[in-house]
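What follows is a set of notes on a single structure, which appears directly below.
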Number of protein chains: 2
Amino acid sequence: MTPETIKVACSNCNLRELCMPVGLQPAELRRIDDLVATRRKVKRRDTLFHNGERFTSLYAIRTGVFKTRVTSEDGRDQVTGFQMAGEIIGLDGIVNDRHTCDAVALEDAEVCVMPFERIEELSREVTALQRHVHQIMSREIVREHGVMLLLGSMRAEERLAAFLLNLVQRLHARGFSQSELVLRMTREEIGSYLGLKLETVSRTLSKFVEDGIVAVQQRHVRIADADKLRRIVNPPAC
Amino acid sequence: MTPETIKVACSNCNLRELCMPVGLQPAELRRIDDLVATRRKVKRRDTLFHNGERFTSLYAIRTGVFKTRVTSEDGRDQVTGFQMAGEIIGLDGIVNDRHTCDAVALEDAEVCVMPFERIEELSREVTALQRHVHQIMSREIVREHGVMLLLGSMRAEERLAAFLLNLVQRLHARGFSQSELVLRMTREEIGSYLGLKLETVSRTLSKFVEDGIVAVQQRHVRIADADKLRRIVNPPAC
DNA sequence: CGCCGCATTGACGTTCGTCAAGTCTAGTGG
DNA sequence: CCACTAGACTTGACGAACGTCAATGCGGCG
């Protein structure tokens, strides 16, 4: 009844076109309104969950950007993804009931906490939700295939071009510009994600600037020639 | 009634400790017996499914080893994994109702075909199956995180050492030797998976032989010093 | 206003890729 | 059963791409 409880409902969330309710009929949509137990605010640099922590819930991002990162036993770490509004994180925890990576907020953020038991319960009843949960997990698998392709076979310029195009495309789907973006992550974090050192990221960006492909001012990037960028990722067929 | 139909039942499959039925109670186990619509034999070099093909089913591997591979628009490809008995492939197809990678048999193989609609239907009723399907997908996500770490931050020796240890561990879980294995894939396929060229794979293997870590005869590998191999992957903490 | 974290740039080194030659093995057909 | 061939593998020489180390610049926050 309070404004707070009214707000915590998927059916009138402004992200419902992107997030959990995608593709659900109005009747189904109302049924999943109690999927979200609570909201949780996470401050910049704080972790939403971390490696080893007990898994209880998936999280739908409302605002802010996160990075997820895995750490090897000898301390090297690898950023496995950057997640933004409408995306779901925490899927890694399902297998062993413990999270296997850290999720760190790159800016102040807010998430919807969805207890996984409740998700499983509801998706036994709401077929469309069941299907959607499967799709979310499958999408993550396919995304990671793409990252493996990138890490396994692309050169630095190609990786960075693919990264920028991917970011701007996702931001565009959220109503932002097609050609301008603000990087919420450092060069080092970009490098970790792309399997490069921060110096290489910086140098490659500088080269893009020289070539008139992008304009860069700190973390603000304007894509001046998206076609050139696309041609770097996918050189014209032989 | 025919021997054939009797054989197609998870409840008396010799892989039930590894595959779909893991963790199910006997009563649940019987309920999922009709999960498998048919069996399908795939000859060496043939594909089980390929990029663009309509998605209908997941496949449980009974015998043989597969590779999965994605291909970029400009024709580069990347092996995304090697799968063996008891493992499930096809998860990539769920998101868009089409497969996004190829699954190729590296030797004559047989799989159980499990129509995905049937899986979804049954997992609405059998809670343990629902949980298991979620775990399989989550496990794949976590595995890929590990590959990203490998591709993003490890050197050739570390990658190959990790690869060999992973293979032998999975084979051991299937009743094979802890120290001997037969590679079902070429050096080029290993290289593609590890983000290396085949020459680098070959050279690195040769170095392992020089160092007395493994013995190699073509595709037959004997691990002579597993500890050394582990130390290559995880250098002793500083 | 000063400090600190982030970013840029240069010089140099290492690792891995490329190209090429040659070997080995398994499979095929005579 | 053996000879032949094609594909897989090994090894070497060389070069390119990226990492490392170091110096410097810049901006935002306290």
Side-chain angles (χ1 to χ4, degrees), chain A residues 43-45 65 67 76-79 104 106-108 150-164 181-211 214-222 232 235, chain B residues 43-45 65 67 76-79 104 106-108 150-164 181-211 214-221 232 235 238:
Chain A
K43 295 211 81 65
R44 185 171 133 91
R45 287 171 214 274
V65 173
K67 70 172 174 184
R76 276 178 291 200
D77 57 1
Q78 169 76 25
V79 171
V104 183
L106 298 181
E107 55 184 342
D108 291 357
L150 180 144
L151 290 172
S153 73
M154 291 185 170
R155 296 172 327 102
E157 289 186 24
E158 302 171 317
R159 295 183 197 192
L160 193 62
F163 172 73
L164 290 174
L181 66 157
V182 175
L183 301 172
R184 305 262 99 119
M185 65 292 288
T186 66
R187 303 288 191 265
E188 186 170 19
E189 288 164 333
I190 296 173
S192 171
Y193 182 58
L194 299 178
L196 303 169
K197 292 293 157 181
L198 68 97
E199 293 94 331
T200 304
V201 173
S202 182
R203 269 188 256 271
T204 308
L205 263 182
S206 298
K207 181 169 181 312
F208 285 174
V209 173
E210 276 178 44
D211 296 351
V214 301
V216 176
Q217 266 188 324
Q218 298 295 120
R219 302 211 176 167
H220 195 101
V221 176
R222 191 172 52 77
I232 290 177
Chain B
K43 293 210 84 63
R44 186 171 132 93
R45 287 170 216 274
V65 174
K67 69 172 174 184
R76 277 177 292 199
D77 55 2
Q78 169 77 25
V79 171
V104 182
L106 298 181
E107 55 185 341
D108 291 358
L150 180 146
L151 291 172
S153 73
M154 291 185 168
R155 295 173 326 101
E157 288 186 23
E158 302 171 317
R159 294 184 198 192
L160 194 62
F163 172 72
L164 290 174
L181 65 156
V182 176
L183 301 171
R184 305 261 98 118
M185 64 293 286
T186 66
R187 304 287 191 265
E188 186 171 18
E189 288 164 333
I190 296 172
S192 171
Y193 182 57
L194 299 179
L196 303 169
K197 292 294 157 180
L198 68 97
E199 293 93 332
T200 305
V201 174
S202 181
R203 267 188 258 272
T204 308
L205 264 182
S206 299
K207 181 166 183 309
F208 285 174
V209 173
E210 277 178 45
D211 296 351
V214 301
V216 177
Q217 265 188 323
Q218 298 297 118
R219 302 209 176 170
H220 195 102
V221 176
I232 289 177
C238 323

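Every value quoted in this text rests on a predicted model; they were computed, and no experiment measured them. We name chains A, B, ... by the order of the sequence lines, and we start the count at 1 in each one.
Note: CD1 (B:I190) to P (D:dA8) measures 13 Å, nearest angstrom. Protein atom CZ of B:R203 is 9 Å distant from nucleotide atom P of D:dG12, rounded to whole Å. In this structure, CZ of A:R159 is placed 10 Å from C1' of D:dC18, rounded to the nearest angstrom. In this entry the distance linking NZ of B:K207 with C1' of C:dC16 reads 14 Å, nearest Å. The distance from atom CG of A:L160 to atom P of C:dA7 is 13 Å, rounded to the nearest whole Å. Rounded to a whole Å, the CZ atom of B:R184 is 15 Å from the C1' atom of C:dA26. If you measure from atom CG of B:L198 to atom C1' of C:dG17, you get 11 Å, rounded to the nearest angstrom.
An OP1 or OP2 oxygen of C:dG17 is reached within less than 4.0 angstrom by a side-chain nitrogen or oxygen of B:T200. In this structure, A:S206 reaches the C:dT9 phosphate: one of its side-chain N or O atoms is under 4.0 Å from OP1 or OP2. The side chain of A:R187 contributes an N or O atom lying less than 4.0 Å from OP1 or OP2 of C:dA7. The phosphate of D:dA8 has neither OP1 nor OP2 within less than 4.0 Å of any side-chain N or O from B:T186.
In terms of polar N and O atoms assigned as donor or acceptor, the side chain of A:E199 comes within less than 3.5 Å of the base of D:dC21 in a complementary pairing.
Heavy-atom minimum distance, B:V216 versus B:Q218: CG1-O, 3.4 Å.
Using a 4.0 Å cut-off between charged side-chain N and carboxylate O, A:R203 and A:E157 make no salt bridge. Look at A:E107 and A:R45 and you find no salt bridge, because none of the NZ, NE, NH1 or NH2 atoms lies under 4.0 Å from a carboxylate O. Electrostatic pairing of A:D108 and A:K43 counts as a salt bridge here, judged by a charged N lying under 4.0 Å from a carboxylate O.
Looking at the side chain of B:R155, the nearest of the listed nucleotides C:dC6, C:dT15, D:dT10 is C:dT15.
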